[in-house]
Amino acid sequence: MSVSFNTPLAFTILNSLFEARSYVAGYEVSDKDTEVFNALTEGPNEAAFPHAARWYKHVAEVKGLAAKAGAAPAAAAEEDDEDVDLFGSDDDEVDEEAEKIKQQRLAEYAAKKANKPKTIAKSMCTLDVKPWDDETDMVALEAHVRAITMDGLLWGQSKLVPIGYGIKKLQINCVIEDELVSLDVLEEKIMEGEDFIQSMDMAAMQKI
């Protein structure tokens, strides 16, 4: 069944539709784009309907269709819209259907974007935790550090590293999610163990 679109109102609706999406349906040129293209009796005027004109040129190039010349914008087009019958129905029904299609496509795009996996930025950190002296209980010190729990924080391997005069520091690795873990907050929590801990330093940090 062949359908022809009276252009003034058709271009207004199509220009609004293609402002928010690229194609009539889906995410690439389809037969529906071809049907609408062929139903237009003339091409969209680029100055008056830039989004519709962009779509029209793209469909013509992809499908190898002959583009029709664009009509000059009519000054009285908006005044005469009430007399134009697109799709064989009244204007209210046409506008409602076009808006419905637009909102549906916007919802599909938003859903696709929301379902796209998000990359989680993480860092590998090596912390040096120094005790007060050689009599500090390093087992208790490490237990205090590992007892700290935060969303996005995972403790890893650790070792005791001699720093002189019989004193050893705790060197411990952890992986953090950058958006969830503040290193300042982590340091504050570690330094709450002031009975064991003299200082904490960031020995190394690497994005992973």
Side-chain angles (χ1 to χ4, degrees), residues 14-30 32-33 50-52 54-55 58-59 61-62 96 98-208:
L14 290 175
N15 195 63
S16 177
L17 177 65
F18 294 125
E19 183 177 4
R21 59 180 297 100
S22 299
Y23 308 106
V24 173
Y27 302 97
E28 59 183 12
V29 177
S30 66
K32 291 185 179 180
D33 291 282
H51 305 296
R54 169 187 51 77
W55 164 84
H58 182 63
V59 173
E61 292 174 359
V62 173
E96 182 179 349
E99 182 63 22
K100 183 178 179 180
I101 292 174
K102 179 180 177 180
Q103 294 302 324
Q104 180 181 350
R105 300 312 179 195
L106 287 173
E108 290 175 355
Y109 174 79
K112 182 179 180 180
K113 187 175 181 180
N115 290 331
K116 185 178 180 180
K118 182 180 179 180
T119 301
I120 300 176
K122 295 182 179 181
S123 299
M124 168 75 81
C125 303
T126 300
L127 309 179
D128 281 349
V129 185
K130 297 178 182 178
W132 286 106
D133 52 38
D134 60 344
E135 296 182 358
T136 299
D137 186 342
M138 298 304 292
V139 174
L141 185 151
E142 181 173 353
H144 162 72
V145 173
R146 289 188 179 275
I148 298 172
T149 58
M150 301 171 64
D151 289 341
L153 170 65
L154 179 64
W155 294 110
Q157 295 181 339
S158 64
K159 62 181 179 179
L160 297 179
V161 180
I163 57 176
Y165 303 102
I167 302 173
K168 295 181 180 181
K169 66 181 178 181
L170 172 68
Q171 190 170 84
I172 185 168
N173 295 326
C174 66
V175 175
I176 63 170
E177 292 185 21
D178 296 346
E179 290 187 1
L180 298 179
V181 178
S182 165
L183 291 175
D184 290 337
V185 173
L186 178 59
E187 181 177 1
E188 289 178 4
K189 289 181 176 292
I190 290 175
M191 293 305 299
E192 287 176 0
E194 57 186 12
D195 291 340
F196 310 103
I197 300 170
Q198 180 190 77
S199 64
M200 188 216 84
D201 297 309
M202 179 72 67
M205 183 176 182
Q206 179 179 353
K207 298 291 183 182
I208 57 175

Which pairs count as salt bridge (charged side-chain N to carboxylate O under 4.0 Å, His left out) when at least one residue sits in residues 169-186, sequence neighbours excluded?
Lys118-Glu179, Asp128-Lys169, Asp178-Lys207
Residues in side-chain contact (heavy atoms from CB on, under 4.5 Å) contact with Lys159, at least two apart in sequence or another chain:
Val161, Gln171
Could you pull out all residues at least two apart from Asp151 that satisfy side chain to side chain donor-acceptor pair (under 3.5 Å)?
none
Which heavy atom of Ile172 sits nearest a heavy atom of Gly156, and at what distance?
CG1-O, 4.4 Å
Any idea which heavy atoms bring Ser30 and Ala25 closest together, and the distance?
OG-O, 4.0 Å
Is it the case that over 12 heavy atoms from other parts of the model lie below 6.0 angstrom from the NZ atom of Lys102?
yes
Ser182 OG to Glu187 CD distance, which is reported to the nearest 0.5 Å
9.5 Å
Pairs where residues 16-25 contributes a residue and the test salt bridge (charged side-chain N to carboxylate O under 4.0 Å, His left out) is met, not counting sequence neighbours
none
May I ask you to check whether over 12 heavy atoms, not counting those of Tyr27, lie within 6.0 Å of atom OH?
yes
In terms of relative ring orientation, are His58 and Tyr23 parallel, tilted or perpendicular, with 30° and 60° separating the classes?
tilted
Closest non-hydrogen atoms of Lys168 and Pro162, given as atom of the first, atom of the second and distance, are CG-CA, 3.9 Å
Do you know the tightest heavy-atom contact between Asp33 and Val24?
OD1-N, 2.9 Å
Counterpart residues, side chain to side chain donor-acceptor pair (under 3.5 Å), relative to Arg105 (two or more places apart)
Glu108
Sorted by chain and residue number, the side chain to side chain donor-acceptor pair (under 3.5 Å) partners of Asn15 (sequence neighbours excluded) come out as none
Contacts of type side-chain contact (heavy atoms from CB on, under 4.5 Å), residue Ala204, not counting sequence neighbours
Thr126
Nearest 0.5 Å, please: how far is OG in Ser123 from CD1 in Ile208?
7.0 Å
Listed by chain and number, what are the side-chain contact (heavy atoms from CB on, under 4.5 Å) partners of Ala143, not counting sequence neighbours?
none
To the nearest 0.5 Å, tell me how far Glu188 CD sits from Leu183 CG.
11.5 Å
Nearest 0.5 angstrom please: His51 NE2 to Leu17 CG, how far?
11.0 Å
All salt bridge (charged side-chain N to carboxylate O under 4.0 Å, His left out) counterparts of Asp201, not counting sequence neighbours
Lys130
Residues at least two apart in sequence or cross-chain that pass side chain to side chain donor-acceptor pair (under 3.5 Å) with Arg146, listed by chain then number, are Glu142, Ser158
For residues 189-200, dump all side-chain donor-acceptor pairs below 3.5 Å to protein atoms at least two apart in sequence or in another chain.
none

Is Ile167 close to Pro131 at the side-chain level, that is, under 4.5 Å between some pair of heavy atoms?
yes
Output all residues satisfying side-chain contact (heavy atoms from CB on, under 4.5 Å) with Leu153, sequence neighbours left out; order by chain, then residue number.
Ile148, Met150, Trp155, Cys174, Ile176, Val181, Leu186
